[in-house]
Number of protein chains: 2
Amino acid sequence: MAAIRYSKQREAIRMYLLSTKSHPTAEVVYNNIKNEYTRISLGTVYRNLNLLVEQGEALRLDCGDGVDHFDGDTRPHYHFACQGCGCVMDLDMDPIDHIDQIAGAGFDGEIQGHRVLFYGLCPNCKK
Amino acid sequence: MAAIRYSKQREAIRMYLLSTKSHPTAEVVYNNIKNEYTRISLGTVYRNLNLLVEQGEALRLDCGDGVDHFDGDTRPHYHFACQGCGCVMDLDMDPIDHIDQIAGAGFDGEIQGHRVLFYGLCPNCKK
DNA sequence: TAAAATAACAGTAACAATTACTATTATTTA
DNA sequence: TAAATAATAGTAATTGTTACTGTTATTTTA
C-alpha cells in the first residue's frame, strides 16, 4: 500500500523540473529548491526525483558524464550532449523508431526500444 | 613521455576482454583475472582498463545500469541490453549513421555522432 | 650482463554520487 | 481533533572509481 502523500518539497521539485529545459542533476535541483526551502535535504531531492521517475512524471537521463540528469518533459524526444561545454539540449526531430526494425532484423530476441544520445558541439561552442 | 611498458597484468586483462563477448564490468574482469594473478589489485584493473580504452584497444560501454562495461571488440557496432536478465549482447546490424543527418536537420550546432543502446528481451528471456 | 632509471604494481585511502537509517514533522483519515 | 503513518531533515553508509605510496618489474645503457 503505502499511499503517496502530498508534500510541498516534492511539488517544488516537480515544478522546478517543468520550468527548466536544462536537464539538471540532483545537485542542481537541490541548489535551486534551497532558495525556497532552505532546510531541504539532498536525500529528499534524490528520493523525490526517483519517485517522480517511477510515477512517470519525470525522465532520468544518462548524458554520458556519469551523473544522473532529470527532465520534466516526459514526451518522447531525443537529447544532445555538447562535448565543449557539457550542456544537454533537446533535439527537435522526428522519432526514429525504424531503427528498432533494423536492429531486430538479425536478432532472435525482442527489441522493445532504444536509448539514443547525440553528441557534438552546441550552437555556442560551434563558433 | 611516460612510455607504456609491457605488463603481464595488462596483457591478461586485454586477453580476457578479447576472449569474451559478455561486456564485463571492471569487477567481473577483476574476478576472472584473479584466477591467474591471485594478487592483482582492483585498482590495477581499473587503471589498465582506462589505459586500454585510451589506446583504442577497448571500448567503454554505458549499458544503463550505472556501471561501466568494457568490450575488447573495438569495431563500431551496436549493443542490446536485456531487461530480463541484464545481459548485454552485440547486435549484428548495419550502421545507422543516417540518424545524425535527421538529428542535425533542425539543429544549429554540429552533430558528431551518436550513442545508441537497444533494449528489450534477449532470446532466452523472450521464451 | 649488471646496475640505474622509471613505469607498473599491490594495497589502501580518498572521493563523489547515491541510498539507507532514524528520530521528528506533516498530511491524511476517521 | 486525534490517531495513523508517509515524508522530512540530517546524517551515516554504500558503491563505483580514482589517487597515493612504498615496492616490484621492465627497460635502457654502460
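Proteins come first, then strands; the chains are lettered A, B, ... in the order of their sequence lines, and each starts at number 1.
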Counting only side-chain nitrogens and oxygens, does [X] get under 4.0 Å of the OP1 or OP2 atom of [N]?
{"X": "B/Y46", "N": "D/dT17", "result": "yes"}
{"X": "A/N50", "N": "C/dT18", "result": "no"}
{"X": "A/S41", "N": "D/dG10", "result": "no"}
{"X": "A/T44", "N": "D/dA9", "result": "yes"}

Could you state the atom-to-atom distance from [atom1] of [X] to [atom2] of [N] in whole Å?
{"X": "A/L51", "N": "C/dT19", "atom1": "CG", "atom2": "P", "value": "13 Å"}
{"X": "B/L52", "N": "C/dA8", "atom1": "CG", "atom2": "P", "value": "11 Å"}
{"X": "B/Y37", "N": "C/dG11", "atom1": "OH", "atom2": "C1'", "value": "19 Å"}
{"X": "B/L49", "N": "D/dA19", "atom1": "CG", "atom2": "C1'", "value": "17 Å"}
{"X": "B/E54", "N": "C/dA8", "atom1": "CD", "atom2": "C1'", "value": "15 Å"}
{"X": "A/K34", "N": "D/dT8", "atom1": "NZ", "atom2": "C1'", "value": "16 Å"}
{"X": "A/L42", "N": "D/dT8", "atom1": "CG", "atom2": "P", "value": "13 Å"}
{"X": "A/I40", "N": "D/dG10", "atom1": "CD1", "atom2": "P", "value": "10 Å"}

Self-check item: Within residues 6-32 of chain B, residues whose heavy atoms come under 4.0 Å of DNA chain D
Solution: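 Residues of residues 6-32 of chain B under 4.0 Å from DNA chain D: B/Y6, B/K8.
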
Exercise. Could you list by number each residue of residues 61-72 of chain B showing a heavy-atom separation from DNA chain D of less than 4.0 Å, or answer none if no residue does?
Key: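 Close to the strand are B/V67, B/D68.
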
Spatial distance of atom [atom1] ([X]) from atom [atom2] ([Y]) [nearest 0.5 Å]:
{"X": "A/R14", "Y": "A/L52", "atom1": "CZ", "atom2": "CG", "value": "7.5 Å"}
{"X": "A/D100", "Y": "A/H98", "atom1": "CG", "atom2": "NE2", "value": "9.5 Å"}
{"X": "B/Y46", "Y": "B/T44", "atom1": "OH", "atom2": "OG1", "value": "12.5 Å"}

Quiz item: What's the closest nucleotide to the B/R5 side chain, out of D/dA9, C/dT18, C/dA5?
Solution: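 The answer is C/dA5, which lies nearest to the side chain.
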
Checking the side chain of [X] only, and the main-chain atoms of [Y] only, is there a donor and an acceptor separated by less than 3.5 Å?
{"X": "B/R10", "Y": "B/R5", "result": "yes"}
{"X": "B/H23", "Y": "B/V88", "result": "yes"}
{"X": "B/H79", "Y": "B/D90", "result": "no"}
{"X": "A/R39", "Y": "A/K34", "result": "no"}

Practice problem: Please find out if less than 6.0 Å separates the ring center of B/F107 from that of A/F80. | Solution: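 Ring-ring flag for B/F107/A/F80: true, centres closer than 6.0 Å.
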
Quiz prompt | Short side-chain donor-acceptor distance under 3.5 Å, A/H77 and A/D71 | solution =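 A/H77 and A/D71 do have a side-chain donor-acceptor pair below 3.5 Å.
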
Practice problem: Could you tell me whether the side chain of A/R39 has a donor or acceptor atom within less than 3.5 Å of a complementary atom in the base of D/dT8? | Solution: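 Result: no qualifying N/O pair found.
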
Exercise. Answer yes or no: side-chain N or O of A/R47 and base N or O of D/dT8 forming a donor-acceptor pair under 3.5 Å.
Key: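 For A/R47, whose side chain was compared with the base of D/dT8, there is no donor-acceptor pair (under 3.5 Å).
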
Exercise. Check the surroundings of atom CG in B/D92: do more than 12 heavy atoms from other residues, nucleotides or ligands lie under 6.0 Å from it?
Key: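 At most 12 heavy atoms, drawn from other residues, nucleotides or ligands, come within 6.0 Å of this atom.
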
Quiz item: How about A/K21: does its NZ atom have over 12 heavy atoms from other parts shown lying under 6.0 Å from it?
Solution: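 Incorrect, the count does not exceed 12.
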
Exercise. Note down the inter-axis angle between the two ends of the helix from C/dT1-D/dA30 to C/dA30-D/dT1, five pairs each, to the nearest 10°.
Key: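 Between the first-five-pair axis and the last-five-pair axis there is 30°.
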
Exercise. Kindly assign one of parallel, tilted or perpendicular to the pair A/Y78 and A/H114, based on the angle between their ring planes and the thresholds 30° and 60°.
Key: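 Rings of A/Y78 and A/H114: parallel, under 30°.
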
